[in-house]
Protein chains: 2
Amino acid sequence: MLTRERIVATAGALVDAEGLDALSVRRLATELGVQGPSLYNHFPTKADIVDAVADAVVERVDLSVFQEAPWHDALRRWAHAYHAVLTEHPNIVPVLAQGPGRRPAGLAMAEAVFGALVDAGWPPARATHIGALMRYLVTGSALGSFALGFDIDPDLYDRYPHLHNAPRLAAHHEAVDEGAFALGLDLLINGLLAQFEGTRR
Amino acid sequence: MLTRERIVATAGALVDAEGLDALSVRRLATELGVQGPSLYNHFPTKADIVDAVADAVVERVDLSVFQEAPWHDALRRWAHAYHAVLTEHPNIVPVLAQGPGRRPAGLAMAEAVFGALVDAGWPPARATHIGALMRYLVTGSALGSFALGFDIDPDLYDRYPHLHNAPRLAAHHEAVDEGAFALGLDLLINGLLAQFEGTRR
DNA sequence: ACCTGAACACCGTTCAAGT
DNA sequence: ACCTGAACACCGTTCAAGT
């Protein structure tokens, strides 16, 4: 028996294991023991299945911090949590980088972030910029590893002397990408905190 | 007559006008007045055509600033220039977000950025983080408009009270996205500059 | 109400055949 | 050396037919 839940769970596992390109209607149907067209009884298009997979990932990001901590602390902890979830499901990030659209969990997350900033006293226009900035950093870093973006063939770097150690990046890719994300988040939040306190006195 | 140059130029125009999904081997061939398989005399796979289109975009980013200005100034001006080029060719950004790979212009850009940071005195590990951070911000912001990521249907936001103005974001999307990017770049570079001067004394 | 087989209009890629 | 037609193994989606 086919249900939306089973379809989304199987599609999500397929995307995690083999990437977005491996998710085809026929392939997903086979995995569910059914023929391709059957899925159209439960979702209008393949894009809706992909959206549901993406929203299931966002649903796993804890938003309770926004009720517990001051805005800068909550923002930092939420960004780390969001980043951690995306690191576990990197193949769906291209969808999330397009914004919440009509996805309920995406909208709930935007509401929590934007609401916390406005309630803390940030002007709405500034809160929008901060929200955008956070999405840029989190999805930008999750979309493709910086370290793995360099080929491991050493001969490739003969004409780029400063990059002679680039082939070694791949071996430490988690540490490199994690460190860059943490540095960026620190710089952004510390800078915002300084601005915030500057306007308060 | 088919040349790599003509193929890349036509493919780039097609991607700009209709998106990456519209670029198919048959469609591109038709636009070039030729049959699909002909393209395989000039490129081994479609992915190589896409890579060439991406590298042609990166080639348009001016790197001369790194010879003229102190690292923080050069970094800021380069990031703005890169961001401006991507804003003109948003549909190819998903490819650039995967890193330089084996693309010559991508590698030359990485060499210029990393080289300038190391030559200025940043430790290589830190320079790597800074380079990664810049790619996260620039590609993250170019990959999908934050403002256009929200649906314009006002009824959608009934259950998200803080987002009641979200449907109006689309009308000012350039200003919103531009402002968020500029804010992020300022925060990052000012923060890095403070760190740099802190270690110098 | 839900699943199927057949069909439509597409894909990327290979390869023998032409010039 | 370069282009073509035919073919292979795929796509997303529609729809009449079955239960």
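These numbers were taken from a predicted model, which means no experiment stands behind them. Lettering of chains follows the sequences in order, A, B, ..., and the numbering in each one begins at 1. Heavy atoms only: backbone and side chains are in, while hydrogens, waters and symmetry mates are out.
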task = Describe, in one word, how the ring planes of B:Y157 and B:F150 are oriented to each other, choosing from parallel (under 30°), tilted (30 to 60°) and perpendicular (over 60°).
result = tilted
query = Within this structure, what is the CG-to-P distance between B:L39 and C:dC11, rounded to whole angstrom?
reply = 13 Å
key: Watson-Crick or G-U wobble mate for D:dC10, both contacts under 3.5 Å   = none
inquiry  = Using salt bridge (charged side-chain N to carboxylate O under 4.0 Å, His left out), reason through A:D186 and A:R76 one step at a time and then give a plain yes or no.
reply    = CA-CA 8 Å; A:D186 266 4; A:R76 171 180 272 117; 3.2 Å; yes
note = Against the side chain of A:V34, the closest entry in C:dC15, C:dC3, D:dG12 is C:dC3
message = Can you confirm whether more than 12 heavy atoms, excluding those of A:R6, are under 6.0 Å from its CZ atom?
response = yes
message = Base, sugar-phosphate or nothing for A:L23? Non-hydrogen atoms, less than 4.0 Å.
response = sugar-phosphate
task = When you get a sec, tell me which of D:dC11, C:dC15, C:dC3 is the closest nucleotide to the side chain of A:R27?
result = D:dC11
task = Let me know the distance between CG of A:L2 and P of C:dC3, rounded to the nearest Å.
result = 5 Å
request  = Report the distance from atom CD of B:Q35 to atom C1' of C:dA17, rounded to the nearest whole Å.
outcome  = 15 Å
inquiry  = From CZ of A:R26 over to C1' of C:dA6, roughly how many Å is that when rounded to an integer?
reply    = 11 Å
inquiry  = Taking pairing as Watson-Crick or G-U wobble with both contacts under 3.5 Å, can you name the mate of C:dA1, or confirm there isn't one?
reply    = D:dT19
message = Just to be sure I understand the rule, does A:S38 reach a base, reach only the sugar-phosphate, or reach nothing, if contact means heavy atoms closer than 4.0 Å?
response = base
inquiry  = How many whole angstroms separate atom NZ of A:K46 from atom P of C:dC11?
reply    = 15 Å
task = Any chance you could lay out the side chain to side chain donor-acceptor pair (under 3.5 Å) test for A:R126 and A:Q195, step after step, and finish with the verdict?
result = CA-CA 11 Å; A:R126 198 65 163 179; A:Q195 281 192 3; 2.7 Å; yes
query = Whole-Å distance between D:dC3 P and B:L28 CG?
reply = 13 Å
Rounded distance (Å) that lies between atom P of C:dG12 and atom OH of B:Y40 = 6 Å
key: is_close_aromatic(B:W71, B:F196), centroid dist under 6.0 Å   = yes
message = So if I take every side-chain heavy atom of B:N41 and compare against C:dT13, D:dC3, C:dC2, which nucleotide ends up nearest?
response = D:dC3
task = State which of C:dT4, C:dG12, D:dC11 makes the closest approach to the side chain of A:P37.
result = C:dT4
inquiry  = Measuring to OP1 and OP2 of D:dC3, would you say a side-chain N or O of B:H42 lies under 4.0 angstrom away?
reply    = yes
inquiry  = Just the rounded figure in Å: distance from P of C:dC3 to CZ of A:F43.
reply    = 13 Å
